[in-house]
Amino acid sequence: MSERKTETIRGEVDSIIFKSDDGEFCVVMMICGDELINVVGPLGNVEEGEELECTGFYTTHRNFGEQFRCQLCERPVPRSAAAIQKYLSGGVIKGIGPASAKAIVKRFGEDTLDVIENHPERLVEVNGISEAKAKSISEHFKKNFAARTLMIFLAEYEISMSVGVKAYKKWGDDAETLIRSNPYVLCSDNINVPFDKADSMARELGIDVSCTDRVKAGIRYRLKFMSYAGNTCYPLDKLKKDCCGFLNIDQRLFNSVLTEELEEENLHSFDKENVRYIMLHDYYRAEDYISRRLSIMKECSYDNKINFSDVIDNAEEKNGVEYDELQREAINLALSYGFLVITGGPGTGKTTALNAIIDLYKQQGMTVFVAAPTGRAAKRLADVTGCEAKTIHRMLEVKPTELGNMSFVHDENNMLDCDALIIDEMSMVDTLLFEAVLKAISLTCKLVLVGDSDQLPSVGAGNVLKDIIESNVMPVVRLTQIFRQAQQSAIITNAHKIVNGEHLDLTVKDKDFFFFQRLEFEGLQKLTAELCSQRLPNAYGYSPFDDIQVLSPTRKGPSGTMELNKLLQQKLNPPADGKSELKTKLYTFRTGDKVMQNHNDYEIIWKKQVGDNTETGAGIFNGDIGRIIKCNKVLRTMTIDFDGRIAEYSGEMISYLELAYAVTVHKSQGSEYDAVILTIFDGYEKLYYRNLLYTAVTRAKKLLIIIGQNRLIDYMIDNDRRDLRYTCLKELLKELNDDGDQQTSII
């Protein structure tokens, strides 16, 4: 039908064809009068025998004919005795099976549900039902319908069913009452309804704009929004100006509410350099814990420095290498201290020093764990060290909670069984994740952090590696010598020039670093597509999916990832017979597409074949890249291979995916690719700064091609503003170390 006329149908669910885990997409056959109608849409935890009232429109599917696409689903109580019996027989109420359902309905007929809800003591009239069981049945029935009533209530305000499920899990039967009195509770952690959505709901419910709950939620919303930009704290003066503006309140009300939040320790304040900062509780707790824990690790090892020169000499002889002065210092400190940071650019020998440290730890009988933030970084770490390397999340073992927040099997109550832990690509590790790492290791466990502090900071809030280094109170070794073999690579030598603020000679085209000037976006797009689809595969044998990665500083514009992904998908994986597709608001996904997860999801279950065994785990994380191996547009499901981890996606989970033929530089952190194509074009100068260019260049292992305008390359090198973040970790570390003037770093 071309005209979508909204109407409401009512009927009984005859059979369930498909139901996603979150209930956001279901396919059912529904009996409406004397018709059997195919109904699709967000029907929730629907059961056979239920009566549904669905509002939506009829549409004709190319393969499955006429369907009713439901936009809003309500659940009237089943009315006929037959419908009630079928509903109860489906196991929807704990304690009632087909036999007991038949017996109960035989006794009470159409009054069955009224008896269960309001007169449960009468259920004992049915053989086999005790007073305790009658009470249990009634309680379960009330909970069932309380949840469904909540879904209907939230649907009036266009709030999704998945939010209702989370709200009911968190607050139970009191959820609707609580939300009616204070819609802003929906903005809380693990529910995460946008503030403007809750604010709109509050206005419809007649809640005043000067309500204290509104101001509290507004302050937290602004702080949370700033955490998405990497900040763990925010200046009070800026926070006050922002909140008074978008909440349309005066400063007196803001000050009053903030004072109350600080007194109740829902928020925290921290003073540094004569400026007061406000922090969300989670970030205050995390930075405070990290600073205290690192200070203890420093104190535990500070007086135990021993000269391991003889041991290092033996290691040189055994491994057939000669360590430079700073590498020897790093190895010595790793053996004598409980904590060490090793930092430096590409080609400076971080891996060589790291391998020596691991080898010497093992010689001392230590159990050594090595980890990295991403799967690609962990795989590279395993390749260069010869040790089994895991992602940090996998090492800590993600433990999905009912509300879907981050929790780990290994914590202060169940620590990792290791004597030394080495984490690579530490610049990517955010504040909350590093807190979790520290909680999972004993005080006697040695910790070595390896990373390049000149790269972009973590996607999550915080600037952990940079703050630790700049505090000047923890042991740090910065490797600076570029070794002879690395000097042969223009990628490495140019990366160091970028860090030092030196302009590049972009005319050289005889090594592994190439620049192509393109002043028009059509030429930039055309060359990018040709390089990926033809020139690099033909010249070097590179796979467009596995070996080549297109990077851009931005998602927007003609050189941004959104446009480039559409172009590259058409070139590399065009539509074809037998290739199924699934359309979303932003993308058309099809079998064979390269995709990236853009959101941490701790509940996704994956399976991996390891020899004859099948390994099962949970969690796919922001930045993980995979390939679609199966796509079902009718059921709206996809099967994706993330480097051997096979995961099933459905419903809301699909919104956490994007095409990955081109990704932003930020999302490429921790990964290396044989060939990198970097696009840079006019109009996005705010995103163009030195350490972003440096991070992009250092993602390439064998070949780097930059397409764009040479003046923008010079502009980026000159712009050393870095990615400014508000954090307190550096100052907290300084405060806890009275010997802050006695620098232990080697820079």
Side-chain angles (χ1 to χ4, degrees), residues 22 24 147 150-151 153-172 174-234 236 238-249 253-254 256-268 278-286 401-407 432 460-461 599-602 652 655-656:
D22 57 8
E24 285 292 303
L150 173 65
M151 308 297 176
F153 163 63
L154 292 176
E156 293 176 22
Y157 301 94
E158 298 183 347
I159 293 175
S160 75
M161 197 168 293
S162 59
V163 169
V165 171
K166 291 177 183 177
Y168 190 77
K169 285 179 178 178
K170 189 167 186 176
W171 297 302
D174 299 325
E176 184 176 342
T177 302
L178 180 62
I179 294 167
R180 282 186 182 277
S181 63
N182 177 16
Y184 300 102
V185 296
L186 292 172
C187 302
S188 63
D189 290 341
N190 311 126
I191 307 295
N192 295 323
V193 168
F195 177 83
D196 57 350
K197 178 77 90 172
D199 205 31
S200 173
M201 183 179 184
R203 284 197 299 272
E204 290 189 45
L205 290 168
I207 294 173
D208 194 271
V209 293
S210 61
C211 163
T212 299
D213 289 327
R214 178 175 183 265
V215 180
K216 286 180 179 179
I219 294 172
R220 292 181 63 82
Y221 159 76
R222 188 59 186 166
L223 288 171
K224 189 176 289 188
F225 179 81
M226 294 312 299
S227 76
Y228 297 148
N231 304 291
T232 60
C233 59
Y234 199 53
L236 172 57
K238 290 187 177 184
L239 179 66
K240 183 185 298 186
K241 182 180 178 181
D242 291 349
C243 291
C244 290
F246 85 83
L247 292 173
N248 194 24
I249 59 172
L253 177 57
F254 173 88
S256 171
V257 172
L258 180 63
T259 299
E260 182 182 339
E261 288 286 86
L262 293 171
E263 287 175 350
E264 294 180 0
E265 297 189 351
N266 295 322
L267 301 175
H268 301 268
I278 305 301
M279 307 180 73
L280 291 166
H281 176 72
D282 284 353
Y283 292 113
Y284 173 80
R285 180 206 68 223
T401 66
E402 244 192 330
L403 293 171
N405 58 326
M406 184 169 68
S407 179
L432 297 181
H599 175 93
N600 285 341
D601 191 322
Y602 307 104
E652 190 179 53
S655 66
Y656 298 151

Discussion item. Suppose we screen for side-chain contact (heavy atoms from CB on, under 4.5 Å). Which residues come up paired with Asp242, at least two apart in sequence or across chains?
Written reply: Arg222, Tyr234

Worksheet entry | Any Leu258 side-chain heavy atom under 4.5 Å of Lys216 side chain | no

Fill in: Where Ser227 and Ala461 come nearest, the two heavy atoms and their spacing
O-CB, 3.6 Å

Worksheet item: Is there a side-chain contact (heavy atoms from CB on, under 4.5 Å) between Lys224 and Asn192 once you walk through the steps?
Response: CA-CA 10 Å; Lys224 189 176 289 188; Asn192 295 323; 3.4 Å; yes

Worksheet item: Parallel, tilted or perpendicular: which fits the ring planes of Tyr284 and His268, with parallel below 30° and perpendicular above 60°?
Response: parallel

Discussion item. Parallel, tilted or perpendicular, judged at 30° and 60°: which one describes the rings of Tyr656 and His599?
Written reply: parallel

Worksheet item: Does any non-hydrogen side-chain atom of Met226 lie less than 4.5 Å from one of Leu239?
Response: no

Worksheet entry | Straight-line distance of Ser210 OG to Arg214 CZ, nearest 0.5 Å | 8.5 Å

Worksheet item: What do the steps show when you test Val193 against Met201 for side-chain contact (heavy atoms from CB on, under 4.5 Å), and what is the final call?
Response: CA-CA 11 Å; Val193 168; Met201 183 179 184; over 6 Å; no

Practice prompt. Report yes if the side chains of Val209 and Leu247 come closer than 4.5 Å at any heavy-atom pair, otherwise no.
Written response: no

Item to complete: Tell me, yes or no, whether the heavy-atom count around Asn248 atom CG, taken from other residues, nucleotides or ligands under 6.0 Å, exceeds 12.
Response: no

Practice prompt. State, to 0.1 Å, how close Ala167 and Leu186 come at their nearest heavy-atom pair, and which atoms those are.
Written response: CB-CD2, 4.4 Å

Fill in: From CA spacing to verdict: side chain to side chain donor-acceptor pair (under 3.5 Å), Asp199, Tyr184
CA-CA 7 Å; Asp199 205 31; Tyr184 300 102; 2.4 Å; yes

Worksheet item: What distance do Lys238 atom NZ and Ile278 atom CD1 have between them, rounded to the nearest 0.5 Å?
Response: 14.0 Å

Worksheet item: Taking all atoms of both residues into account, what is the closest heavy-atom pair of Ile207 and Pro183, and its distance?
Response: CD1-CD, 3.1 Å

Worksheet entry | Residues, nucleotides or ligands: over 12 heavy atoms within 6.0 Å of Phe246 CZ | yes

Worksheet item: Mind checking whether Leu205 and Tyr157 have side chains closer than 4.5 Å, heavy atoms only?
Response: yes

Response to the item:
Residue set satisfying side-chain contact (heavy atoms from CB on, under 4.5 Å) with Glu158, at least two apart, ordered chain then number -> Lys197

Worksheet item: With a 4.5 Å limit on heavy-atom distance, are the side chains of Ser188 and Lys170 in contact?
Response: yes

Practice prompt. With side-chain contact (heavy atoms from CB on, under 4.5 Å) as the test, would you mind laying out the steps for Asn231 and Tyr283 before giving the verdict?
Written response: CA-CA 9 Å; Asn231 304 291; Tyr283 292 113; over 6 Å; no

Worksheet item: Can you check whether Leu253's main-chain N or O pairs, donor with acceptor, with Ser256's side chain at less than 3.5 Å?
Response: no

Worksheet item: Can you tell me if Asp213 uses its side chain to pair, donor with acceptor, with the backbone of Asn182 under 3.5 Å?
Response: no

Worksheet entry | Euclidean distance, Glu176 CD relative to Arg180 CZ, rounded to 0.5 Å | 4.5 Å

Worksheet item: Taking all atoms of both residues into account, what is the closest heavy-atom pair of Gly218 and Cys243, and its distance?
Response: O-SG, 4.2 Å

Practice prompt. Measure the spacing between CZ of Phe153 and CD1 of Ile159 and express it to the nearest 0.5 Å.
Written response: 7.5 Å

Discussion item. To the closest 0.5 Å, what do you measure between CG (Leu280) and OG1 (Thr232)?
Written reply: 9.5 Å

Item to complete: Please assess Ser200 against Phe195 for the test side-chain contact (heavy atoms from CB on, under 4.5 Å), listing each intermediate value before the final yes or no.
Response: CA-CA 9 Å; Ser200 173; Phe195 177 83; over 6 Å; no

Item to complete: Look at atom CD of Glu156 and say whether more than 12 heavy atoms of other residues, nucleotides or ligands are closer to it than 6.0 Å.
Response: yes

Discussion item. Distance check, rounded to the nearest 0.5 Å: Leu236 atom CG versus Lys241 atom NZ?
Written reply: 13.5 Å

